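Everything quoted here is computed from the prediction, not taken from an experiment.
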Amino acid sequence: MADPPTGPPEDINKISFWMPGNYIRTVQRTSESYQACKDIIACMKDRAHVERQYAHQLTEWSNKWKSITETRPLYGSLLRAWQCFFSSTERLSALHTSISQSLVSEDAECIRSWQKETFPRKMFCGFRESHDLGTAFSCAQKPWEKRLKKLEKARVVYHKSCQREQSAQEKETQAKNNANLSESKLSKIQQAREKATQERSKARDRYEKVLGDVTGFAPRYMEEMESVFDQSQEEERKRISFLKQAFLSIHRHLDITNNESIKAVYSELHHMLMSISEPDDLRWWKNNHGPGMPTDWPKLEEWNPPIKKQKPGKKPKTHRGTEEKAVMIGGVRVRALYSYTGEESDELSFKAGEEFLKVEEEDDQGWCWGVKEGGVEGFYPTNYVLPVK
């Protein structure tokens with residue numbers, strides 16, 4: 001149990017409760033709570049020893065346990081309440097011997113007895129609650145994980161088919177511009193391009209079908225996972241409630257009211273203990289380790305062809321006016337196969353299906369000069385367009 005992280009956010013799909021295997025944090029909460037009880041018992045035994053040693057040993061106890069609590073799994077208002085015991089002892093000068101006896105014989109024993117009843121173990125499997133939660137989460141997540149694997153496989157197949165189609169289209173364009181190529185070879189190249197288009201269409205249909213299955217299954221998956229999570233939350237609520245009462249019992253033994261300064265110390269401590277909030281702590285856990293965490297649900301990822309980027313040592317794409325270029329009288333009308341957003345001021349931006357004029361031939365970097373309606377002009381990647389017949 002710990003307060004919310006303050007560092008930069010991680011990839012939400014790596015830590016999201018909904019992704020495969022990430023429910024383990026909630027499963028581990030049982031063993032962490034068990035450890036917290038052991039720590040609290042040890043903590044209060046140490047406090048009792050400090051009570052017998054009076055003021056200077058109270059300071060030793062406070063300093064020791066302040067550092068220990070920073071590495072323990074309690075979180076939220078429960079953690080803050082525990083830490084308040086240490087700040088209170090720094091303001092005390094002496095405590096009665098009976099306080100030490102009460103802490104050991106009543107409070108520590110009460111927590112130990114409750115701990116033994118609340119955390120039954122399963123042979124070779126650790127705590128029974130952890131085993132049962134892990135099994136239930138795994139059963140609920142197995143169909144979802146299987147669908148995610150199918151979706152990733154379909155996505156890869158679709159994107160590869162898009163690459164093959166683009167390669168076939170480039171070959172077909174080159175063949176049409178080759179006057180020496182026989183009709184039979186041109187026909188074969190066109191047939192290969194048509195086949196690649198058909199394969200791409202089938203792969204996309206498959207991708208969309210698998211994505212639809214994943215999307216349709218999500219509500220059922222969420223319902224089953226939240227059902228198991230709610231069981232875990234209820235067990236945690238009981239633990240928080242018990243520890244709150246245990247802390248209040250410890251407070252009653254420590255609250256020496258015949259001294260006004262001590263009374264003021266414990267009045268503040270009581271206020272902190274009463275601020276322990278099961279809903280707030282459970283809400284924090286839900287939002288940081290449970291269903292309240294954000295996630296990117298699967299969606300269709302469109303494929304875009306790679307752009308021929310300038311390599312180190314190569315000359316940049318030729319700017320108009322710096323070299324002689326073959327200017328086309330009237331230009332050639334082309335249609336965009338894919339959308340492109342210009343990355344530099346001299347590049348043309350367009351959407352898939354948009355038509356404009358190609359007014360200069362391709363340079364050795366794979367760029368052409370084009371003009372859109374309205375006079376907007378600039379460079380664009382040649383492999384993003386095809387001539388309009």
Side-chain angles (χ1 to χ4, degrees), residues 1-4 32-33 35-115 118 233 235-285:
M1 305 178 186
D3 282 330
E32 291 174 350
S33 297
Q35 179 62 40
C37 290
K38 294 179 65 177
D39 293 333
I40 294 172
I41 292 172
C43 171
M44 292 308 146
K45 283 187 174 181
D46 262 11
R47 174 60 185 267
H49 175 72
V50 171
E51 300 294 346
R52 292 190 298 269
Q53 301 300 319
Y54 298 103
H56 67 283
Q57 292 190 2
L58 286 176
T59 302
E60 292 180 3
W61 176 85
S62 177
N63 292 338
K64 172 184 177 180
W65 281 99
K66 265 194 224 174
S67 60
I68 292 177
T69 53
E70 295 175 357
T71 63
R72 290 304 185 247
L74 283 181
Y75 60 91
S77 59
L78 201 59
L79 174 60
R80 291 189 295 273
W82 186 12
Q83 292 172 331
C84 191
F85 287 109
F86 313 137
S87 61
S88 298
T89 58
E90 293 174 359
R91 301 166 56 186
L92 301 177
S93 61
L95 292 175
H96 205 271
T97 303
S98 62
I99 296 177
S100 173
Q101 296 173 346
S102 297
L103 288 174
V104 174
S105 61
E106 296 181 29
D107 297 317
E109 284 302 317
C110 178
I111 295 174
R112 184 183 290 106
S113 298
W114 174 84
Q115 180 189 37
T118 306
Q233 288 287 78
E235 294 302 318
E236 182 71 358
R237 186 199 65 77
K238 294 177 182 178
R239 288 191 280 266
I240 294 173
S241 179
F242 171 81
L243 289 176
K244 175 181 179 178
Q245 295 304 317
F247 282 159
L248 288 171
S249 175
I250 294 170
H251 167 262
R252 287 192 296 271
H253 293 140
L254 295 175
D255 188 7
I256 302 178
T257 57
N258 61 344
N259 185 296
E260 290 300 319
S261 62
I262 293 177
K263 182 178 180 180
V265 168
Y266 284 105
S267 177
E268 295 174 12
L269 177 59
H270 184 265
H271 176 74
M272 178 61 73
L273 294 178
M274 291 305 296
S275 69
I276 295 176
S277 171
E278 294 142 65
D280 288 349
D281 283 7
L282 294 176
R283 188 183 309 110
W284 180 90
W285 188 275

- Query: Got a donor-acceptor contact below 3.5 angstrom from the Ser249 side chain to the Gln245 backbone?
  - Reply: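 Not a single qualifying donor-acceptor pair exists.
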
- Message: Keeping Trp61 on the side-chain end and Cys43 on the backbone end, is there a donor-acceptor pair under 3.5 Å?
- Response: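 Yes: the side chain of Trp61 pairs with the backbone of Cys43.
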
Are side-chain heavy atoms of [X] and [Y] found at a separation under 4.5 Å?
X      : Y      : value
Leu103 : Leu254 : yes
Trp285 : Leu282 : no
Trp284 : Ser77  : no
Ile240 : Ile276 : yes
Thr118 : Lys238 : no

Could you give the distance from [atom1] ([X]) to [atom2] ([Y]), rounded to the nearest 0.5 Å?
X      : Y      : atom1 : atom2 : value
Ser277 : Lys244 : OG    : NZ    : 7.5 Å
Gln101 : Glu106 : CD    : CD    : 10.0 Å
Asn63  : Ile68  : CG    : CD1   : 11.0 Å
Glu236 : Leu78  : CD    : CG    : 8.5 Å
Glu32  : Leu74  : CD    : CG    : 9.5 Å
Gln35  : Gln115 : CD    : CD    : 9.0 Å

On a heavy-atom basis, which atom in [X] and which in [Y] lie closest, and how many Å separate them?
X      : Y      : value
Cys37  : Trp114 : SG-CZ3, 3.3 Å
Leu273 : Ala81  : CD2-CB, 3.5 Å
Asp46  : Trp65  : OD2-NE1, 3.0 Å

- For the side-chain contact (heavy atoms from CB on, under 4.5 Å) test, which of Ile250, Val104, Asp107 pairs with Met44?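 When side-chain contact (heavy atoms from CB on, under 4.5 Å) is applied between Met44 and each of Ile250, Val104, Asp107, only Ile250 qualifies.
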
- Query: Under 30°, 30 to 60°, or over 60°: which ring-plane class applies to His270 and His251, parallel, tilted or perpendicular?
  - Reply: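 Ring orientation, 0 to 90° scale: tilted.
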
